Amino acid sequence: MESAQRFSLFRYAAPNMFYPLAGRLAPMFAVAAVVLALVGLYMGFFVAPTDAVQGEVYRVIFIHVPAAWMSMFIYLVMALWSGVGVVFNTRLSAMMAQALAPTGAMFCFVALWTGALWGRPTWGAYWVWDARLTSQLLLLFLYFGFMALTAAIEDPRRADRAGAILALVGAVNVPIIYFSVTWWNTLHQGASVSLTKAPSMATTMLWAMLIMALASWAYTIAVVLWRVRGLILERERHTEWVAAELDAAEARA
Amino acid sequence: MSWGSMSEFLAMGGAGFYVWGSYGVTFALIVIELVVVLRRRKQVVNRLQRLRRAMQASRTRKENRQ
């Protein structure tokens, strides 16, 4: 019984099994993302109070923090898939890593952009070369580097391997970003939410932020599943199942 | 939080530029990403279908010659 269950889970590591599964799951996560975002935005703009110190500008937090979390988390997942691909030589792993990178870069840019727009009225500067901001900028360049490197190498197996090494080495930067505010004396404030102490913000603000973080998760899963479907078709184009899939798509059209 | 009017909501206590500049760019990027990703898969399907048709055509040509 247990072995049968395990078998059915690992079955989806094969691209031909994962492709239809991704197609079914992506719309569900997209719907979840829209619902969560609407709830989160409603709470963020109509339930959460005005901040006593910052006024209304603090409402940037509802995208800034979730985007910053996502940018770091996606990089770690990307490095994890890269590691799995190198160790077990599974085809799907590298495709997952490559499907994650653009969305990670998008969230990384959003974190920097919203941070700049929040920094100007609160610190008086769009940008400072502080440890948190600088390491986050490095993360954006790591994403761009990964995307450029995997796109530039013709042979997919070599591209996967080169990308994997960059992803794994670059992962060192993620804890540096996360702990930068405690390791160095930064202009950026410390963590608003941590596992070890009570959060330093109003409950409704916190809930709005956490719901927006869940929305970002759901969005990421949906868009990455959609992207990996394209990558799978391209990579597996010489196989029988893609031929059958193309015939089916033609029949539907 | 209750806003007195729409214009008060848009003004964001004087921080409208910073708040809406953040939300606007984020929203735009999400829309662009979705359009690119969904269009991309359709393009791959179309290209592979064309490729397959071309290969089938050349195969039948070869068979007819024999």
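Just so it is clear, the values below take in all heavy atoms, side chains as well, and ignore hydrogens, waters and symmetry mates. We name chains A, B, ... by the order of the sequence lines, and we start the count at 1 in each one. Bear in mind the structure is a predicted one, so any value in this text is a computation, not a measurement.
A salt bridge is absent between A:Glu234 and B:Arg41; no separation between the charged side-chain nitrogens and carboxylate oxygens falls under 4.0 Å.
Residues A:Val60 and B:Tyr18 approach most closely at CG2-O, 4.0 Å, considering heavy atoms. Between A:Leu117 and B:Ser22, the shortest heavy-atom distance links the atoms CD1-N, 3.4 Å. Shortest non-hydrogen contact noted between A:Val110 and B:Thr26 is CG1-OG1, 3.5 Å. Taking both residues in full, the closest heavy atoms of B:Ala15 and A:Val57 are given as CB-CB, 3.6 Å, listed atom of the first, atom of the second, then distance. Between A:Leu233 and B:Leu48, the shortest heavy-atom distance links the atoms O-CD1, 3.6 Å. Annotation for A:Gly230 and B:Val44: closest pair O-CG1, 4.1 Å, computed over non-hydrogen atoms.
Ring to ring, A:Phe45 and B:Phe9 are close: their centroids are under 6.0 angstrom apart.
Summarising the local packing, CH2 of A:Trp69 is surrounded by more than 12 heavy atoms from other residues, nucleotides or ligands at distances under 6.0 Å. Around atom CZ of A:Arg157, no more than 12 heavy atoms belonging to other residues, nucleotides or ligands sit under 6.0 Å away.
Residue B:Arg39 does not touch chain A at all, counting heavy-atom pairs closer than 4.5 Å. Looking at B:Leu38, only its side chain comes within 4.5 Å of chain A, counting heavy atoms on both sides.
For A:Trp113 (side chain) and B:Gly21 (main-chain N/O), a donor-acceptor pair under 3.5 Å exists by modelled atom type. A donor-acceptor pair under 3.5 Å is absent between the side-chain atoms of A:Glu56 and the main chain of B:Gly14, judged by distance alone.
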